[in-house]
Amino acid sequence: MTTNSGKRQVRHLHADTATVRPGGRTARVGQAVIDATIAELGEVGYAALRIDSVAERAGVNKTTIYRRWGDKAGLVATAFIERQSESAPPPDTGDLREDLLLHLGEIREVLYTPWITALVQEVGPRTSEKNDVREVLDRIWPERFRLSRTIFVRAVERGDLPADADPDFLLEALAGPLYFRWLMLGRPLGDDFLEKTADLVLHGARPDSGEAAS
């Protein structure tokens, strides 16, 4: 269940990301802190991240961070929002297999980003210690998921997939193998693996075609 403090924190985060972008000292300080947060996450992970270390790296007073982002969870979630907002929209080449390969390549790039991998691995299952940042991230992931599923929605509209195809299930089937292979097994995500994953999903989504994607 999401707490009232979590809800207030989410509203604050969205308001803050709107004020980070304009020019001036506020923007420079905000960018320095976000950059420092990401650098610290990549080096020590979420559990070991300390506001004092972020402040020192960013060259600001720690009270500035507490005043603007509230706590560690708010700071990390803002960093995640900022970087996610820089992501490109889902590819639309007009060819479903090519769209899937491009999207898988984007997922691979995200997973190969040390601080994101560390954050995803550490946050993991809900615990009382990690529930703060989970409450915020639970509001970030669905938006990216909503955007990504449009790849399959467009394919249905073009007639490339059956009308009863489930975009949500297909997206989970597409992305899941990469998360499992990289985060759980620690195995590389080579181009051949991406192609096999795309073809497997396409074959399953076209049960009557009897063939993988062309």
(request) Give a yes or no on whether Glu43 atom CD has more than 12 heavy-atom contacts from other residues, nucleotides or ligands under 6.0 Å away. (result) yes
(request) For the residue pair Thr78 and Thr37, establish whether any side-chain heavy-atom pair is separated by less than 4.5 Å. (result) no
(message) Is there a side-chain contact between Arg181 and Leu111 in this structure, where contact means two heavy atoms from C-beta onward sitting under 4.5 Å apart?
(response) no
(message) Test your reading of the model: is there a side-chain donor-acceptor pair from Tyr66 to the backbone of Ile51, 3.5 Å cut-off?
(response) no
(request) Please test Arg108 against Asp191 for salt bridge (Lys or Arg N to Asp or Glu O under 4.0 Å), starting from the C-alpha separation and ending with a verdict. (result) CA-CA 10 Å; Arg108 175 174 61 185; Asp191 290 343; 2.9 Å; yes
(message) Check for me, please, whether Leu104 and Phe145 land in the same ILVMFWY cluster - side-chain distances under 4.5 Å, paths through other members count.
(response) yes
(message) Let me check something: do Ile107 and Phe152 share a hydrophobic cluster, defined by ILVMFWY side-chain heavy atoms less than 4.5 Å apart, either directly or through other members?
(response) yes
(request) Quick one: list whatever passes side chain to side chain donor-acceptor pair (under 3.5 Å) with Asp35, sequence neighbours left out. (result) Gln31, Arg83
(request) Grab the two heavy atoms, one from Asp71 and one from Gly74, that are nearest each other, plus how far apart they are. (result) OD1-N, 2.9 Å
(message) I'd like to check Lys196 versus Pro177 (side-chain heavy atoms, cut-off strictly below 4.5 Å). Are they in contact?
(response) no
(message) Testing the basics here: between Ile151 and Pro90, what is the closest heavy-atom pair and its distance to 0.1 Å?
(response) CG1-CB, 3.8 Å
(message) Applying a strict under-4.5 Å side-chain criterion to I, L, V, M, F, W and Y, I'd like to know whether Val156 and Leu174 cluster together.
(response) yes
(message) Please report the interatomic distance CG(Leu161) to CG(Leu202), rounded to the nearest 0.5 Å.
(response) 7.0 Å
(request) Heavy atoms only: give me the nearest Tyr112-Thr117 pair and the separation to one decimal. (result) N-OG1, 4.4 Å
(request) Taking atom CD of Glu98 as the centre, report whether more than 12 heavy atoms of other residues, nucleotides or ligands fall under 6.0 Å from it. (result) yes
(message) Can you confirm whether Arg50 sits close enough to Lys72 that some side-chain heavy atom of one is under 4.5 Å from a side-chain heavy atom of the other?
(response) yes
(request) Could you grab the distance from atom NE2 of His103 to atom CG of Leu194, nearest 0.5 Å is fine? (result) 11.5 Å
(message) Give me the atom names and distance for the closest heavy-atom approach of Ser53 to Glu40.
(response) CB-OE1, 3.6 Å
(request) Would you give the length of the straight line joining atom CD of Glu56 to atom CG of Asp52, rounded to the nearest 0.5 angstrom? (result) 8.5 Å
(message) Would you say Leu100 ends up clustered with Leu147 if hydrophobic residues are merged whenever their side chains have heavy atoms under 4.5 Å apart, either directly or through other cluster members?
(response) no
(message) Looking at Arg97 and Asp160, is there a salt bridge between them, counting it only when a charged N and a carboxylate O are closer than 4.0 Å?
(response) no
(message) Let me confirm one number: the CD1-CG distance from Ile38 to Leu49, rounded to the nearest 0.5 Å.
(response) 11.0 Å
(message) Given 3.5 Å as the limit, does a donor-acceptor pair link the side chain of Thr150 with the main chain of Arg146, or not?
(response) no
(message) Who clusters with Leu185? Use side-chain heavy atoms, under 4.5 angstrom, across I, L, V, M, F, W and Y, and order the result by chain and number.
(response) Phe180, Met184
(request) Identify, with sequence neighbours excluded, every residue that meets side chain to side chain contact (heavy atoms under 4.5 Å, CB included) alongside Ala36. (result) Val54, Arg57, Ala58
(request) Determine the minimum heavy-atom distance between Phe193 and Leu178, stating which atoms define it. (result) CE2-CD1, 3.9 Å
(request) Could you pull out the closest heavy-atom pair between Glu195 and Leu101, with the gap in Å? (result) CA-CD2, 3.7 Å
(request) Answer yes if the side chains of Thr63 and Asn61 hold a donor-acceptor pair under 3.5 Å, and no otherwise. (result) yes
(request) Would you indicate whether the side-chain heavy atoms of Arg68 and Val60 approach each other to under 4.5 Å? (result) no
(request) Count the heavy atoms belonging to other residues, nucleotides or ligands that lie under 6.0 Å from OH of Tyr179, then report whether that count exceeds 12. (result) yes
(request) Say whether Trp115 and Val110 are linked into one hydrophobic cluster, either directly or through other cluster members, by side-chain heavy-atom distances under 4.5 angstrom. (result) yes
